[in-house]
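Letters go in sequence order (proteins before strands), and every chain restarts at 1. Treat the numbers as computed from the prediction; the structure is a model and nothing was measured. Excluded from the calculations below are hydrogen atoms, water molecules and symmetry mates; all remaining heavy atoms, backbone and side chain alike, are included.
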Protein chains: 2
Amino acid sequence: MFDKVLVAEDYEIANQGIVKVLNDGIGIHNIHEAQYCDDAYLKFRKANLDGDLFDLLITDLSFKENHKKQIRTSGIELIEDIRTIQPDIKVIVYSQESRPDRINMLFEKLAINGYVCKGQHSVKELIECVNGVYQGKKVVPPLLRDHLDTNTIINLDDFDMLLLEELSCGFTKKEIAATLKSKNITPNSESTIDKRISRLFDNFKAKNTTHLVAIVKDLGLL
Amino acid sequence: MFDKVLVAEDYEIANQGIVKVLNDGIGIHNIHEAQYCDDAYLKFRKANLDGDLFDLLITDLSFKENHKKQIRTSGIELIEDIRTIQPDIKVIVYSQESRPDRINMLFEKLAINGYVCKGQHSVKELIECVNGVYQGKKVVPPLLRDHLDTNTIINLDDFDMLLLEELSCGFTKKEIAATLKSKNITPNSESTIDKRISRLFDNFKAKNTTHLVAIVKDLGLL
DNA sequence: CCCTCCATTACGGAAATCTGTAAGGACATA
DNA sequence: TATGTCCTTACAGATTTCCGTAATGGAGGG
């Protein structure tokens, strides 16, 4: 089994929970903790210099801003940076993210080894994931496995998310178009925005904008 | 120090984290866990019947829905029900909720003994809270201490909540008016509904209906 | 090269939203 | 009783939403 593990997670209680699971559930005791990305990176580099390498990184994706200015603010940057100093490091991401396309991206772009959704039953999932990754497997979360064949995945791209974000802030389509134009983001015509939102209505079976935002909020996508 | 503690929190990892903090940070070892409100309630009743009472309940507020139908779905109901069988039980709420008025409500209506905000530094807060509550203190989170004087509490009645509910389901004001009339709920004119919603705009500083629902969803009121 | 598909864009009209003004009634208070 | 406040209701006008149709243009397949 893995010997030396780093847990990067800004919420202390969750951090402690992961440590406890690794301890009690898997029998890993050489566990180091980091609450900030930069901290995690420094710990990795030090271990590298000392020749006492980590075997596994378990990291969150989002880290709250800190009083001290951090260079890295997301787990993605952390993983990229750590890979430059230790390319073969095994990585498990433990995060709230539930958008299939985004999780997929982690596997494809960052070649992470496992993903565990923060959720009610993450203990079992986490244990299975660590074991699987140790055996060299790629451990995809159940959420993603279910949706692999049934392509009912509502694939929201960044533009859709941007629109939803703006709508939930109470901006009108006219205002959104203006914002997009000022930021040089395309497409940015009112009619395209209109069409896109209509498509989201279809996707989520929403009756109107308000309904759409309510649904998306409930799904935790926003 | 407290001897027997129940931790009610649906997210396993967070649950484990709390247990570890109580263990390592405070030295409490007789800790029981529950992932669902009903489960917590049953454990309390059993302890009560056995005469081996709990000294402290640490509970979350929101619990995700379960495949099994749960009677209680929120920590608030749990606390109310547990108080009926053990009125003097000490209660600490550990939750994401950050709205001062809602937290205040917990202290006033439910007479909870302590509140800890889920956050980056909850370990220290949790330890201090448990210690404070043990000494008979009422432990208010730092967040609330700041806002004690500025009492900008928004008071929503059932009618407001009903409107928000309907809006978030995508019904138009015309439809809502029709529904209210068919259910003999007054007031039910379109104009009053309109006015009420406008008042909610003011209360929540919302720009339009969509914005309003987004805000209210974020606040966890819906 | 042509054809199809799809995204972007424009436009128009019916419906809904948002924001005023205003009138009538309930209720408390001086 | 008179007065002020608040809630309910009505109405009207400007704006926005929602949902069609339609023109344009790029990507990809035959």
Legend entry - Exercise: do T210(B) and T209(A) side chains pair donor with acceptor under 3.5 Å: no
[X] [atom1] to [N] [atom2]: how many Å, rounded?
{"X": "D202(B)", "N": "dC18(C)", "atom1": "CG", "atom2": "C1'", "value": "12 Å"}
{"X": "R199(B)", "N": "dT17(C)", "atom1": "CZ", "atom2": "P", "value": "19 Å"}
{"X": "K207(A)", "N": "dA15(C)", "atom1": "NZ", "atom2": "P", "value": "18 Å"}
{"X": "D194(A)", "N": "dG12(C)", "atom1": "CG", "atom2": "P", "value": "15 Å"}
{"X": "R196(A)", "N": "dA7(C)", "atom1": "CZ", "atom2": "P", "value": "8 Å"}

Inset, instruction - Output the residues of residues 169-179 of chain B in contact with DNA chain C, where contact means a heavy atom of the residue under 4.0 Å from an atom of the strand; sort by number or write none. - result: T172(B), K173(B), K174(B)
Legend entry - Near-strand residues of residues 184-191 of chain A, defined as heavy-atom separation under 4.0 angstrom from DNA chain C: P187(A), N188(A), S189(A), S191(A)
Which donor-acceptor pairs under 3.5 Å do the side chains of residues 176-184 of chain B make with protein atoms, sequence neighbours left out?
| from | atom 1 | to | atom 2 | distance (Å) |
| --- | --- | --- | --- | --- |
| T179(B) | OG1 | E175(B) | O | 2.9 |
| K181(B) | NZ | N188(B) | O | 3.4 |
| S182(B) | OG | T179(B) | O | 2.8 |

Please enumerate all residues that pass salt bridge (Lys or Arg N to Asp or Glu O under 4.0 Å) together with [X], with sequence neighbours excluded.
{"X": "K124(B)", "result": "E128(B)"}
{"X": "D55(B)", "result": "none"}
{"X": "D10(B)", "result": "none"}

Inset, instruction - Would you indicate what T209(B) reaches in the nucleic acid, counting non-hydrogen atoms under 4.0 angstrom: base, sugar-phosphate, or nothing? - result: sugar-phosphate
Report the residues that fulfil side chain to side chain contact (heavy atoms under 4.5 Å, CB included) with [X], sequence neighbours left out, ordered by chain and then residue number.
{"X": "K118(B)", "value": "E9(B), D60(B), Y94(B), Q96(B)"}
{"X": "K207(A)", "value": "H211(A), F171(B)"}
{"X": "R45(A)", "value": "Y41(A), L42(A), I85(A)"}

Inset, instruction - Identify the heavy atoms of F54(A) and I89(A) that sit nearest to each other, and give their distance. - result: O-CD1, 3.5 Å
Every protein N/O lying under 3.5 Å from an N/O of nucleotides 21-27 of chain C:
| from | atom 1 | to | atom 2 | distance (Å) |
| --- | --- | --- | --- | --- |
| dT21(C) | O4 | K195(B) | NZ | 3.0 |

Inset, instruction - Look at the side chain of N113(B) and the backbone N and O of V91(B), then say whether any donor-acceptor pair between them is shorter than 3.5 Å. - result: yes
Inset, instruction - Evaluate the side-chain proximity of V7(A) to T59(A): yes if any heavy-atom separation is below 4.5 Å, no if none is. - result: no
Legend entry - Residue closer to the 5' end of DNA chain D, N208(A) versus I193(B) (nearest nucleotide): I193(B)
Legend entry - D157(B)/R196(B) ion pair, N-O < 4.0 Å: yes
Inset, instruction - Tell me, please, which residues at least two apart from S189(B) pass side chain to side chain donor-acceptor pair (under 3.5 Å). - result: S191(B), T192(B)
Legend entry - Nucleotides bounding contact with chain B, strand DNA chain D, heavy-atom threshold 4.0 Å: dC7(D) to dA10(D)
